[in-house]
Structures are given as C-alpha cells and as structure tokens.
2 protein chains.
Amino acid sequence: MAGVSAATVSKVLRGVASVKQENAKRVHDAVKKLGYRMDPLASGLRNEQRRIIGAVVPDLESPFFGALATGLEKAAEEAGYAMIIASSRESEAREADLVARMNDWRVAGTILTPVRSERGLGAERLHALNMKAVLVDRVSADRRFDTVTADNYAASASVADLLLGAGHSRILLHGATRISKSVRTRLQGFTERARAVGSKARIDTLLSEEDPEAQRDAVFRYFEGLDPAERPSAVFSLSQHSTLLVLSELRRRGVRVPADIALIGFDDADWMQTTWPSISAVAQPVAAIAERAVAVLLARVEGENTGFPVQHLEPCTLIARQSTGPDRVPAMKTQFAE
Amino acid sequence: MAGVSAATVSKVLRGVASVKQENAKRVHDAVKKLGYRMDPLASGLRNEQRRIIGAVVPDLESPFFGALATGLEKAAEEAGYAMIIASSRESEAREADLVARMNDWRVAGTILTPVRSERGLGAERLHALNMKAVLVDRVSADRRFDTVTADNYAASASVADLLLGAGHSRILLHGATRISKSVRTRLQGFTERARAVGSKARIDTLLSEEDPEAQRDAVFRYFEGLDPAERPSAVFSLSQHSTLLVLSELRRRGVRVPADIALIGFDDADWMQTTWPSISAVAQPVAAIAERAVAVLLARVEGENTGFPVQHLEPCTLIARQSTGPDRVPAMKTQFAE
DNA sequence: CGCGAGAAATAAATCGATTTACAGCATGCA
DNA sequence: TGCATGCTGTAAATCGATTTATTTCTCGCG
C-alpha cells in the first residue's frame, strides 16, 4: 500500500536504518489507514532477543507480591518490554519448571523471586541455562546474579532499637509460613543489633514452617509453657502472616496489646492501620524494588552493565502505631537512612 | 539425530498423525538426549490458534484478583495453555489497549475482568476484534460473551435475610472505590429482597467513588448528619475496601461493633477472622470462578460450544462472625443453595 | 509378478517479521 | 568521463515450527 518493500516497512517501524522522509511518511500513513499492528511473536522469531521479560513470583495472592508484579509490569512496559508473569505457588519444583519455560520463550531476561533463597532450584536452573536474571526479595547477595531486596537487615535492626529503647527485656521473634531467606535476615538483623548494643534482653525465637494449624499450636504451646511473669513483653513477627497469627493467638488468650505485650510486624497491610489497636509495622518499598529490579535487569540485557553482580538494598519504612505502646514513640512514619 | 525429518518430529511431539512405533521411540530418545524443548513462539507462528490464553484483571494487588489470577493460570496450565496476565490498573483506556495487545499475540481466547462492566471499552474492543472471550466478575449477562461471576445477587439477598431476620430496622449499604457492576448487583440483591419480604426497614445507601480521603469524609458526614438515635443499627459494606473503611470510621467514633452497630461485608479476608470483633463476610468462590471461566472459554475456543452466550453464577458462602452480633446466628459457615 | 490401496515419511511452502547481501542511483573527486 | 562513495531500497535467506502435497514404502491380492 505504501509502495515499498516489507524490509523498508520494518525499518521504518523500528526507526532503525536510513529511510527517506517521504517513504517513511507513506509507510506511517498506510499503517494508520490499515490499522496495522505488528505481530510481536513473529517479530521475536528472527532475532535472538525478544522484547519480553519473564517474572516468577512465589505467589500472587498476597498483596506484597501482587504489588510487586504490578510494579514490575509497569516498569517493563515503560521500557517497551512485554512481561510474562507466573506464580510458582511456593513450589521449588514448579519454580525451576517455570524458569525453563521462560527460557523456551527466549525471554530477554528473567526476574525471579525464589521460593526459598538464591540457592534454590530456580536460580540454579537460570544459571545452568545461562539466562540473564535478577533475583528479588527472598535472597541475599549472590555470585551469579544481581539481587534486589528490601533492606531487611537494617529495618530489623531498627525494630530492635525501638523495642530495646522502650525497655523490653524479654522479646519473642516469631516466624511462620515458609522460613525464607528474608525471614532469616530479619532475625539476624534484630539479634545482631541487640548484641551490638550490649542488650541484656532475653530473646526467644519461634519459627514454624508447617501447616497453619501446626503453627497455631506452636504459638499456643510456647505461651502455655511459660509462667505469665516470664512472658515476653514484646513480639516482633517476621512476616505479615506471622503478625496475623500472633495477634489472633494473643487475643484468644486475652492478652492485651500493647498493655501486656507490644507487637510489631514485618510487612505492612491495610488492615493494620484500621484494626484496634492499630499494628506497628515495617513497610517494604515494593515500588522501589520493582523499578530497581527491572532497571538492573535491563542494564544487563542491553549490555550496559557487564560487571560483577551487585546486591541492591532498598530502605524500608518503620511505622509505629498503637501496638507498640502509647507515647513511647510518636505515631508517625520514621524513615531511616540506608 | 533420530534419522527422521522435522515434519515427523513435529507429528510425534504433538502425538497427532500416524507415525511408526519405532520412529516415535527414536524421536523420543533423541529429544531426551538432546534436552530438546520446542519453542512455543515459533510453534504458534504457523497456526492461526496459539495455545495461549490472555487474562486482563483490573488490579493484582488485591487478594481477590491475585487469587483469581492464580486460579486462572492453574486451570489454563492444566489444559495445556500458557497464560499471559496483565493488569489494567483500574483504567478503561488501558484495558482496551491490553485487549488489543492480546489480539496482537493471537491468543486463543481472552478472559477479561472489566474495570466497570460488560459495557466497557475492553469488551467493546474484544467484540470489534472478533475475539473469543469470557467476561468475569464485574459483569452481568451479556449478549456477546459468556460471563462468570459470583452470585452477588443471591448472596446479598441472604445478607438481607440475615440482617432483617435479626430485627435491624435501619440499615446502611455502603460502597466505596469504584462502583462496579458487582457492587450495583449487590445493592440490588439486598434492596429487592428487603422489598420482597415486605420489610419496613429503612435502607440508606452511600456510594462514593472518589479518592480515599473523600470516601472517608463521606462516611464521616453521613454519621455527623444523623441523630444518634436515628443511627442505623447495621451496615452492609459492599466491598472489602468498604468494610475496612467503615470499620475504621466506626472505631474512630467510638461506636461499638456489634453492640451499637452490626457489620457485615462483601468479600472475605484473612484479617477479618482475626481482628476483634471478627467480621462477618460473604466469601466469594474464587477458585470456582477461575475454573469455570477457563472451562467456558476453552469450550468456545475448541469449538465445542457454539450456542448463545451464557451467564454463569457461582454460589457464595456467608460467614457469620462476631460483628453481626452474638448468638443471633451460629458462628459457622452457612452455605446456601444456588 | 505386478498393481493398487493405504500407511508412513518427507520436501517444500508457510506463518510474519528481521537481517543480510546486493543493486540502483546520485554525488563528488580526479 | 570514470570510478569511488554514500545513501536508499529490495530480494532473498532466516528464525523454528506446522501443514500440504508428494513420494516412498508395505502389503495384499489377483
């Protein structure tokens, strides 16, 4: 229709090589008149690199990963890449399978949030298939891939400062669901800070990985085995799920929050600011993580970055609400440095 | 490697036409030895129909759509289709754009949860492009496409039975965020049932669509304008967001739930069974909706169903908890008939 | 032994773009 | 004028599978 060859059309549409003004215009006119849209699939076939980014997350039902997926998609789109999102549903085998499938699609790069850590089947497969990738969220530094996570360590250290500063002398750290790398890092951040400041506080840790009922039981037995006088005066729950679980169990036992026990959780959620007492929480910078992950990946994909893998830490925000006690800390956002 | 032509390999791998046992075996052996995996992209190129299903949801951050996406992906995978998930982020323009993009990918079919209703830009585009599709969740019956939704109408009627049966004589129906088709249907289900049973109860409705602050204000002004004696004794919130908002506002005003006001919300969430008082809710059958949507779509795609579009309603579950008052109804699941 | 029917395998065309290699054409310089 | 150079455009090969049209092979039967 424009009276030129397909090759010329291809050039015009990708704005690549030299095409005369006049012909370019005729092509654009024809495109508009015909409502032509190129087939991204056929387009990708010829070239090694397809403008697709794959994303594998452990779960889409939690607001955190939902928000992460949204952010990733948005960032990818802005960079002109399509994004394929898949959920490993907390299964490592499925995770490795999805990675292989991403490779089948010849994606330009992959963003993986592993089920457990950077030493899982997914990352291994990524490496074996020689794919470009960024690991996100449940990882620490890695030798093969760039990583992007919330600064779990620093945020947890801040929580330690908050609780120890408020004078708590016996503290329970509680983790439920899958004990991922993130959870371990949070644990470490808290305990190491406590040790570093020479705190004499006694710190219990309770981690349970099994089904919800078993987790509930574990909390129950923990409190059952304690003299009320011995009871911790504060709980730091290491995941949103854990916060919910602990809160529920405390309520069942008639323990008052924060009068009897203070509570602060990792990961913020809508309901936490609405429930009574409102729950203090560490909010993760989801949008920043997503943007950074895509940026870092594309720098690799487009060959701008060929250096050693880098670990990127995005700062969290500590939100002190009622559950950590009145007046001890102002009920406002506390942004802390990186 | 197997000593046969590419055409034969293709036949063997799709298990289509006639291939001698021996050759089939040799192909399978070679596949295993080489670790061959076919390129789904190249595979789709030749054929009109690609084994891909597109899904467009309004948002991935809410647990409901997250769960829906997970369910859709699972069902599609079980049927041997890949799934591309995209979020319209509550924008109709983006929704239409995503539909067009799905068409570029030549998906076999599309599952669309419209931002507003079946009369939106997305569905229109689907129709204009002559695509096969199923509309999910925020829709009522449609002449062009099959639809799948929770049975919002029946569930809301049940809520009416519950509240009216408990003797409430002034009831607030509250909707926030986007006032979608679902929300309107819920409203209708409640009010029509109330009328049908000849209830004399006074029913207020408060719908606000703007930003969170404006919504909060609207609730505030509603209560402010009422004599406490005139206050409704029950609130039915028409979405999860609305439940959170109402709960928050009631707490701010020191209104006791359920002593002063009973509360029940559409859409269940983890936190509702843990918060105190626990919140009664209508749980939507997400998994069933997802499975049904994929099944219905594939029946169209594979040509098994060429009849008129059908509206599918999946039954909800009413979960009565503390917020609708003690002892009035048993604190257990009430499954009601379709 | 030869022929035809049916089964099995393959060569070649195809899907829709990109890329390569080359041709056509104008311009500049000797 | 002759030839190199640069700029544009095109024909044809290519990506990796599927499909069609055709060939080859196998039997069975007269």
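Residue numbers start from 1 in every chain, and the chains themselves are labelled A, B, ... in the order their sequence lines are given, proteins ahead of strands.
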Original post:
Should B:Ser10 be listed as having a side-chain N or O under 4.0 Å from OP1 or OP2 of D:dA17?
Top reply: no
**OP:** Among the candidates D:dG16, C:dG16, C:dA17, find the nucleotide nearest to the side-chain atoms of A:Met38.
**Re:** C:dA17
**OP:** Quickly work out the A:Glu22 CD to D:dT8 P distance and round it to whole Å.
**Re:** 12 Å
**OP:** For B:Phe65 and B:Asp59, work out which heavy atoms get closest and say how close.
**Re:** CB-O, 3.0 Å
**OP:** Check whether any side-chain N or O of B:Asn47 sits under 4.0 Å from OP1 or OP2 of D:dT19, and answer yes or no.
**Re:** yes
**OP:** Nearest whole angstrom, please: distance from the C1' of C:dC15 to the CZ of B:Arg106.
**Re:** 9 Å
Original post:
So, A:Arg292 versus A:His312: side-chain donor-acceptor pair below 3.5 Å or not?
Top reply: yes
Original post:
Just wondering, more than 12 heavy atoms not from A:Glu304 lying within 6.0 Å of its CD?
Top reply: yes
**OP:** Respond yes when some side-chain nitrogen or oxygen of B:Arg14 is under 4.0 Å from OP1 or OP2 of D:dT18, and no when none is.
**Re:** yes
Original post:
Between atom CZ in A:Arg46 and atom C1' in D:dA17, what is the gap in whole Å?
Top reply: 15 Å
**OP:** Give a yes or no on this: more than 12 heavy atoms of other residues, nucleotides or ligands lie within 6.0 Å of atom CZ of A:Arg119.
**Re:** no
Original post:
If only side-chain N and O atoms of A:Ser43 are considered, is one of them under 4.0 Å from the OP1 or OP2 phosphate oxygen of C:dT18?
Top reply: yes
Distances under 3.5 Å between protein N/O atoms and the N/O atoms of nucleotides 9-12 of chain D, please, pair by pair.
residue	atom	partner	partner atom	Å
D:dG9	OP1	A:Asn23	ND2	2.2
D:dG9	OP2	A:Lys20	N	2.8
D:dT10	OP2	A:Ser5	N	2.9
D:dT10	OP2	A:Ser5	OG	3.1
D:dT10	OP2	A:Thr8	OG1	2.7
D:dT10	O4	A:Lys11	NZ	3.4

Original post:
Between atom CH2 in B:Trp105 and atom C1' in C:dA17, what is the gap in whole Å?
Top reply: 13 Å
Original post:
Could you give the CG-to-P distance, from A:Leu45 to C:dA17, as a whole number of Å?
Top reply: 11 Å
Original post:
Expressed in angstrom and rounded to an integer, what is the separation of B:Leu34 atom CG from D:dG16 atom P?
Top reply: 14 Å
Subject >> Rounded interatomic separation in angstrom, taking CG from B:Leu13 and C1' from D:dG16 >> reply: 12 Å
Original post:
Which is it for B:Ser140 and B:Gln311 under the side chain to side chain donor-acceptor pair (under 3.5 Å) test, yes or no, and what are the steps along the way?
Top reply: CA-CA 7 Å; B:Ser140 50; B:Gln311 176 184 32; 5.6 Å; no
**OP:** Whole angstrom is fine here: how far is it from CZ in B:Arg50 over to P in D:dT18?
**Re:** 13 Å
Subject >> Donor-acceptor contact below 3.5 Å, side chain B:Thr110 vs main chain B:Leu112 >> reply: no
Subject >> Short N-O contact, A:Glu90 and A:Arg138, less than 4.0 angstrom >> reply: yes
